[in-house]
Undergrad: 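Dropping the structure in here first, questions after.
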Amino acid sequence: MKPFLEIEEQVMSNRTNEKTVQLDLETYAANDVYKAAATQSSGLSHKQVKERQKQYGPNRLKEVEKEPVIVTFIRNFTSLMAILLWVGGAVAILSHSVELGLAIWFVNIINGVFSFVQEYRASQATEALKKMLPSYARVIREGQEEKVLAEELVPGDLVLIEEGDRISADGRVIFATDFQVNQSALTGESNPVYKNSDADTNAQKTALEYDNMVFAGTTVSLGSAKMIVSATGMATQFGQIAHLTENMADDKSPLQKELDHLTKQISVIAITVGVIFFIAAALFVHQPFAKAFIFALGMIVAFIPEGLLPTVTLSLAMAVQRMAKSNALVKKLSSVETLGATSVICSDKTGTLTQNAMTVNHIWQVSDQYDVTGLGYAAEGDIRKSRGKKAALIESQPLEHLVRFAHLCSNAQVLPPNDGNASYTVLGDPTEACLNVLAEKAGLTLEKNKSWGPRLKELPFDSVRKRMTTVNQVDSLVDGSSLVSITKGSPKEMVELCHFYKDQKGIHEMTADVQARILAANDDFAKDGLRVLALAYRTLESERLTQEEQWTKETLEHNMIFLGLIAMSDPPREGVREAVEKCHRASIRIIMVTGDYGLTALSIAKKIGIVRGDDARVVTGLELEKMSDEALKEALKGEIVFARVAPEQKYRVVSALQELGEVVAVTGDGVNDAPALKKADIGVAMGITGTDVAKESADMILTDDHFASIVKAVEEGRAVFHNIKKFLTYIFNSNTPEAVPSAFFLLSRGFVPLPLTVMQILAVDLGTDMIPALGLGVEPPEPGVMNQPPRKLTDRLLDKKLLIKAFLWYGLIESSLAMGAFFITYLLHNGNLAVLAGSGQLYQEATTMTLGAIIFCQIGMVMNSRTSDQSIRKLQLFGNPLINIGLVVELIIFVTLVYLPVFHDLFNTASLGVWHWLYLMLCPFVIVGLEEWRKRLMRK
């Protein structure tokens, strides 16, 4: 970035559609910022504003041109599978079955409309980003305060901001009063950041780390300020994230890619079979060309699984319903199966793996250490409950002072549950909140404590000093003084400023040995994943620092008396450890990507089982910035934790994992997470703490922000892929007995009349098989599904194992029973097979038996298909309502075709006798028995 005067000429000479400017103002002293931004203390003139609006355009995010709705709509009806279904419907109509042809087309229309609706409701991250920007801003122009539309702001504008405002553009603070900004939407950091107007020449800082800069989309937590606008629109940090999100093409999910591949496989199989049967019909049976062509098209339709898309849709939809009950809301159906293929989960820490509820664990003083685990706020329970710690805290005066002072040097509040909120609510810094709770659980009433030591002045925390100081007037004397300053902050920095320490025996001079003990205790706590604050104080009356103008950081923050360390942690969420263990069993890697400190992140990762070895690597954002892509990919092959990462770095980690062939799920809640959420194969946003942008960019939203809900969703996703394979096995199983009768007809050169007509084939594919097949799509996950590794992206739905099982094992068994039914009908009637009539009542009975044998075999097959390896005896035999309905519908359809004369000519059927039914009822038991025998052998 450059100062305005240096880049104005460049921008003026480069009149493109995207006119953006970023002013480099952080290094200038407050008084010099006006000149660098080509403005003045009275603000821009209206003429300057108009010129800059013309140069740089409105302060809003650029819209991406979207595909016309009509094009999107048509595209959903022209996929390869859709074309096959259009052709299949046409074949049915050419076969004089208008009703069945229209049914095929109806299935196609339903799937096309559903796909269009899902795509139309796809991610609208840019719209959500716009909604986060405010509508108005307060500016000073020509010396007058004005309220203007936020999109009218230009670089150089002088803007007034105060507590509660959402900031409209990036800017340089030139004046601040107790000014704090919540930047969590951009950085992921939950703690408010103190801002000031001092110049900052630290070239090692990233843009978001400057304490004198504020950014669009963030909010003012405390105080007020004036700022000079340094960037607007797409040039802001907010806009750069939007640019990353907008320019990311929506890639197809693994399931969508696999269905495309499956469609091509099925097309090759169906067309190959059709060509073979066409040639055979023309050459061997000498059928006319037109008749042979219709016959071949009929076989092609037989091999097209018309129920595939409805089954996939239903399977995904039912999984979505089950996931919703487990606190996971899925926006795109295809995302469900992608979860099942997930091999890596990149999870943030706070709120997902942990409770986002800082809790005090230990209080350490030079002479004493107190284990106060549990003395922090929590989602449930009595906040005033001391749990037996109250007496210990009151016995020691230094300890009482530490607890009192920790509360007095805090700004956060903890609001108890009420009718609208079932859990405790923290206003402000969660770290300060648990200090307040510590005081209250120790028996100190917060309001009374504030009255005991009212605050006179505050020196806010900043990232350079790493501490906060307040001046308080106390009721009872502390070391003979009623005026004290209280400082809390980073132990390492604080120890250097403490010349004394206090214990139960009194005040002692700080020695090198005591300093070493304090720092050693701090390191021990840090290794355990605890966040540590040091607390110190000094009396002011004894040093005659009684006037407010004397209370500066130079006078207050030295020569202090060390009181102790307070160690706290954000406890892991209940059930997280078990969920992590389930991921390990399922061969799913978990990589923590957090904005927290590395040592704390690593400790938490070890506690909940994410990291198991001792050689896990912690990579900070600064280290990641210097790493090459090759080095990053190599590091990702081992156990690793990422800490203090920037938005673009999280995006980079996801990209690197995908380049390594991983299917990546990413969690996030802030605007800064949007690019990574959209880049990931599965973006998972937090429903409670997540911003609108994160939710719009994500594929799934967790209503409870709990990591365990992701793992449950993965389990459901795996079930979807298995259920689609069950469906394919069931459907292709009937293809062989549908093709074998035609093969007998062709190879016998017409001696064996056609045992199964095209209309009967369509009756199976679009009638009796449809509902049971759909039922397989809604089977719940099988036991042990999470004890297997995730499927590889190279794994096919239609693989060699499935083809062999469906076409050769199941298919040949069914074909044998079906052809046996056909020939037995002639044998019992004629006594021999010397003459096989090709028409009349006997022929219709024989084809009816062929059709019936296939249908009854499929009744057994749908039961077999419900499990991959387990015996069906371990299932609730009638536990799947849709399959039960399907079985009833199958029987009703078959009985209707057999006993209603109106269908006899259309479907070439006839009424059956008792012996026919005895044979048919035996078929499912033969199928189930043989499959149970095979599964038993496989299990052994």
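Computed from a prediction, not measured in an experiment: that's the story for all the values here. Note that these values count all heavy atoms, side chains included, but never hydrogens, waters or copies made by symmetry.
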Undergrad: Is a side-chain donor or acceptor of S709 paired with a backbone partner of A328 at a separation under 3.5 angstrom?
TA: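 No; zero donor-acceptor contacts below 3.5 Å.
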
Undergrad: Go through the steps for K726 and T867 under the test side-chain hydrogen bond (donor to acceptor under 3.5 Å, both in side chains), then give the verdict.
TA: CA-CA 8 Å; K726 291 174 184 178; T867 70; over 6 Å; no

Undergrad: Kindly indicate whether the side chain of K725, heavy atoms from C-beta on, has any atom under 4.5 Å from the side chain of V720.
TA: no

Undergrad: Can you check whether V275 reaches T272 side chain to side chain, under 4.5 Å on heavy atoms?
TA: no

Undergrad: Hey, are the side chains of N864 and I927 touching, using non-hydrogen atoms and a 4.5 Å cut-off?
TA: yes

Undergrad: May I have the step-by-step check of side-chain contact (heavy atoms from CB on, under 4.5 Å) for I872 and R866, ending in yes or no?
TA: CA-CA 8 Å; I872 63 171; R866 290 182 62 191; 5.7 Å; no

Undergrad: Between I859 and L891, is any pair of side-chain heavy atoms under 4.5 Å apart?
TA: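 Contact flag for I859/L891 side chains = yes.
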
Undergrad: Determine, step by step, whether T848 and L897 satisfy the side-chain contact (heavy atoms from CB on, under 4.5 Å) criterion, reporting the C-alpha distance in whole Å, the side-chain angles of both residues, the deciding distance to 0.1 Å, and the verdict.
TA: CA-CA 9 Å; T848 304; L897 297 179; over 6 Å; no

Undergrad: So, for A818 and A853, which heavy atoms are closest and what is the spacing to 0.1 Å?
TA: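 Here A818 and A853 meet closest at CA-CB, 3.6 Å.
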
Undergrad: Are R934 and K805 close enough, and set up right, to give a side-chain contact (heavy atoms from CB on, under 4.5 Å), and what steps lead you there?
TA: CA-CA 11 Å; R934 185 194 71 83; K805 187 190 294 185; 3.9 Å; yes

Undergrad: Under a 3.5 Å distance rule, please check whether R718 uses its side chain to pair with a backbone N or O of M786 as donor and acceptor.
TA: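 Not at all, since once roles are kept as given, no pair shorter than 3.5 Å links the two residues.
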
Undergrad: CZ of F925: more than 12 outside heavy atoms within 6.0 angstrom?
TA: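 No, CZ of F925 has 12 or fewer neighbouring heavy atoms, counting only those of other groups under 6.0 Å.
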
Undergrad: Taking atom CZ as the centre, does R936 end up with more than 12 heavy-atom neighbours from other residues, nucleotides or ligands that are less than 6.0 angstrom away?
TA: no

Undergrad: Would you indicate whether the side-chain heavy atoms of E932 and S871 approach each other to under 4.5 Å?
TA: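 SC-SC contact between S871 and E932 confirmed.
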
Undergrad: For P924 and L920, which heavy atoms make the closest approach, and how far apart are they?
TA: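 Where P924 meets L920 most closely, the heavy atoms are CD-O, 3.3 Å.
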
Undergrad: Rounded to the nearest 0.5 Å, how far does OG of S326 lie from CD1 of I710?
TA: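 Separation between the atoms: 13.0 Å.
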
Undergrad: Closest heavy-atom contact between L802 and D799?
TA: N-OD1, 2.8 Å

Undergrad: Considering non-hydrogen atoms only, spot the tightest contact between D869 and R939 and give its length.
TA: O-NH1, 2.7 Å

Undergrad: Can you tell me if Y730 uses its side chain to pair, donor with acceptor, with the backbone of P772 under 3.5 Å?
TA: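 Side chain of Y730 to backbone of P772: no pair is present.
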
Undergrad: List the steps, then state whether side-chain hydrogen bond (donor to acceptor under 3.5 Å, both in side chains) holds for T847 with N908.
TA: CA-CA 7 Å; T847 61; N908 205 62; 3.1 Å; yes

Undergrad: When rounded to the nearest 0.5 angstrom, what distance separates CD1 in I771 from CG in L776?
TA: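 One finds 12.5 Å between CD1 of I771 and CG of L776.
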
Undergrad: From T736 OG1 over to N733 CG, what is the distance, rounded to the nearest 0.5 angstrom?
TA: 7.0 Å

Undergrad: Are any side-chain N or O atoms of N884 and backbone N or O atoms of F878, one a donor and one an acceptor, separated by less than 3.5 Å?
TA: yes

Undergrad: Are the side chain of Q760 and the backbone of T757 linked by a donor-acceptor contact shorter than 3.5 Å?
TA: yes

Undergrad: Sub-3.5 Å donor-acceptor pair from the side chain of T342 to the main-chain atoms of L339, do we have one?
TA: yes

Undergrad: Quick one: are L930 and W809 in side-chain contact, heavy atoms under 4.5 Å?
TA: yes

Undergrad: Starting at NE2 of H829, measure out to CG of L842 and round the result to the nearest 0.5 Å.
TA: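 These two atoms lie 5.0 Å from each other.
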
Undergrad: For the residue pair F822 and Y826, categorise the inter-ring angle as parallel (less than 30°), tilted (30 to 60°) or perpendicular (more than 60°).
TA: perpendicular

Undergrad: Looking at side-chain heavy atoms only, is the closest gap between E779 and F727 below 4.5 Å?
TA: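 No. Closest side-chain heavy atoms not under 4.5 Å.
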
Undergrad: For a side-chain hydrogen bond (donor to acceptor under 3.5 Å, both in side chains) check, start with the C-alpha distance between E782 and S868, then their side-chain angles and the critical distance, and finish with the verdict.
TA: CA-CA 9 Å; E782 287 189 51; S868 300; 3.3 Å; yes

Undergrad: Would you say that more than 12 heavy atoms from the other residues, nucleotides or ligands in this model lie under 6.0 Å from the CZ of R873, or not?
TA: no

Undergrad: Which distance, rounded to the nearest 0.5 Å, do you find between the CG of L756 and the CG of L851?
TA: 6.5 Å

Undergrad: Any chance you could measure I855, atom CD1, to E890, atom CD, to the nearest 0.5 Å?
TA: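 Spacing of CD1 (I855) from CD (E890) equals 6.5 Å.
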
Undergrad: Applying side-chain contact (heavy atoms from CB on, under 4.5 Å), run through Q788 and H722 and close with a yes or a no.
TA: CA-CA 12 Å; Q788 305 166 10; H722 289 304; 4.0 Å; yes

Undergrad: Could you check whether any side-chain N or O of E716 sits under 3.5 Å from a backbone N or O of P781, counting only pairs where one atom can act as donor and the other as acceptor?
TA: no

Undergrad: Looking at side-chain heavy atoms only, is the closest gap between C923 and E814 below 4.5 Å?
TA: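 C923 does not reach E814 side chain to side chain.
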
Undergrad: Work out which heavy atom in I731 is nearest to a heavy atom in A773; give both atom names and the distance.
TA: CD1-CB, 4.0 Å

Undergrad: Hey, is the main chain of T78 close enough, under 3.5 Å, to the side chain of W86 for a donor-acceptor pair?
TA: no

Undergrad: Do the side chain of Y899 and the main chain of L912 share a donor and acceptor less than 3.5 angstrom apart?
TA: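 Looks like yes, one N/O pair under 3.5 Å.
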
Undergrad: Quick one: does Q844's side chain have a donor or acceptor within less than 3.5 Å of a partner on H904's backbone?
TA: yes

Undergrad: Tell me the closest heavy-atom pair linking G820 and Y919, and the distance in Å.
TA: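 Shortest heavy-atom contact: C-OH, 3.7 Å.
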
